[in-house]
Amino acid sequence: YVQNLREITSVVLSVLTHSAAGRGQSAGVDGLLRDILAAICGWGPASAPGVYELVRTTLDSMAAGAVVYRIDFALNDQLR
């Protein structure tokens, strides 16, 4: 019996800022987000038939001196 499944993995990135509202951090964070995407997208464990794909990137919070992003990846796999 083989069942296809899609596993979702999230990376949470929290960046401290000097601004209470978290403003002014987009330039540095954009580069870091792109580095994370480049490192994970297209990679997959040898035991899975698929590779990690980007599902979405969301800005979860901009408060209390921190900017919090969530990056969701999906991996197509099989349950055997």
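Taken to the nearest 0.5 Å, the CG atom of L79 stands 9.5 Å off from the CG atom of N4. Taking OG from S47 and CD from Q78, the interatomic distance works out to 11.0 Å, rounded to the nearest 0.5 Å. Of the inter-residue distances, the one linking L13 atom CG with D60 atom CG reads 10.5 Å to the nearest 0.5 angstrom. Atom CG of residue D72 and atom OG1 of residue T57 lie 8.0 Å apart, to the nearest 0.5 angstrom. Taking CD from Q3 and CZ from R80, the interatomic distance works out to 12.5 Å, rounded to the nearest 0.5 Å.
In this structure, the side chains of I71 and S10 stay at 4.5 Å or more apart for every pair of heavy atoms. Here the side chains of C41 and E53 are not in contact, with every heavy-atom distance at 4.5 Å or above.
Considering every non-hydrogen atom in both N76 and R6, the closest pair reads OD1-CG, 3.6 Å. The two residues F73 and V11 make their nearest non-hydrogen contact at CE1-CG2, 3.9 Å. Closest non-hydrogen pair, A66 versus L16, comes out as CB-CD2, 4.2 Å. Heavy-atom minimum distance, G42 versus V51: O-CG1, 3.3 Å.
When the side chains of ILVMFWY residues are joined at heavy-atom separations under 4.5 Å, either directly or via intervening members, L75 and L54 end up in a single hydrophobic cluster. Connection of V29 to I36 is established within a shared hydrophobic cluster, with ILVMFWY side chains joined at heavy-atom distances below 4.5 Å, either directly or through further cluster members. Cluster membership for L59 and L33, using ILVMFWY side-chain heavy atoms within less than 4.5 angstrom, is shared. Hydrophobic clustering (side-chain heavy atoms under 4.5 Å, transitive across Ile, Leu, Val, Met, Phe, Trp, Tyr) keeps L32 apart from V68.
Ring orientation note: the planes of W43 and Y52 are close to parallel, at an angle under 30° on the 30°/60° scale.
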